Amino acid sequence: MIYITRRERFNAAHRLYREDFSDEQNLEVFGKCSNPKWHGHNYELFVTVKGEINKETGFLVNLKQLSKVIREKVIVQLDHKNINLEVEFMRGKLASTENLAVGVWEELEQSVKSLGAELHCVKVTESENNFVEYFGT
Ligand code: NI
């Protein structure tokens, strides 16, 4: 079993909040990310897939194809968008990095299988110091 990771980047706006909370409660629970006027992050997305090396190519997957899949399935939906308002797979969910990682996983799982590999990890970094990793369960 071998693992390979592709990084893609996107920037997006979001707000962490609950409608049933006041602005004060949202600030207390979600901190600066609850700003009612939105804010953005430069996110990084690391997609790790696993499988066996193809003897003919020496590759696990063709990284150009993996990059294309990631861009077509998730980056176009996210880049320069408002995660709360515009991203179909985040509809009705809190726009946290955790939920984002799970959403990205669900968007990519089948397409990665079609490339002959298996999704291993979706890592989303929201800032230099904070990142989330999701392994499918
Ligand atoms: Ni934020």
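Both counts, for ligands and for their atoms, begin at 1 and track the order of listing. Nothing here was measured: the structure is a model prediction, and the numbers come from that model.
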**Student:** Ignoring hydrogens and angles, tell me if any N or O in the side chain of Asn26 forms a donor-acceptor pair with the backbone of Arg18 under 3.5 Å.
**Tutor:** yes
**Student:** Taking 2.8 Å as the upper limit, name the protein N, O or S atoms near the Ni ion (ligand 1).
**Tutor:**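 Under 2.8 Å from the Ni ion (ligand 1) - ignoring waters, which are not counted - the protein N, O or S atoms are His14 NE2, Cys33 SG, His39 NE2, His41 NE2.
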**Student:** Has Glu109 got more than 12 heavy atoms of other residues, nucleotides or ligands less than 6.0 Å from its CD?
**Tutor:** yes
**Student:** Less than 3.5 Å apart, any donor N or O on the side chain of Glu86 or Gln77 sitting next to an acceptor on the other?
**Tutor:**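 No pair is found: no donor N or O on one side chain lies under 3.5 Å from an acceptor on the other.
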**Student:** For Tyr3, is the NZ or CZ atom of Lys50 found under 6.0 angstrom from the centre of its six-membered ring and inside 45 degrees of the ring axis?
**Tutor:** no
**Student:** What's the spacing between Asn54 CG and Ile2 CD1 if we round to 0.5 Å?
**Tutor:**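 Going from CG on Asn54 over to CD1 on Ile2, the span is 12.5 Å.
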**Student:** Where the side chain of Thr57 meets the backbone of Phe59, is there a donor-acceptor pair that is under 3.5 Å apart?
**Tutor:**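 Yes; at least one donor-acceptor contact below 3.5 Å.
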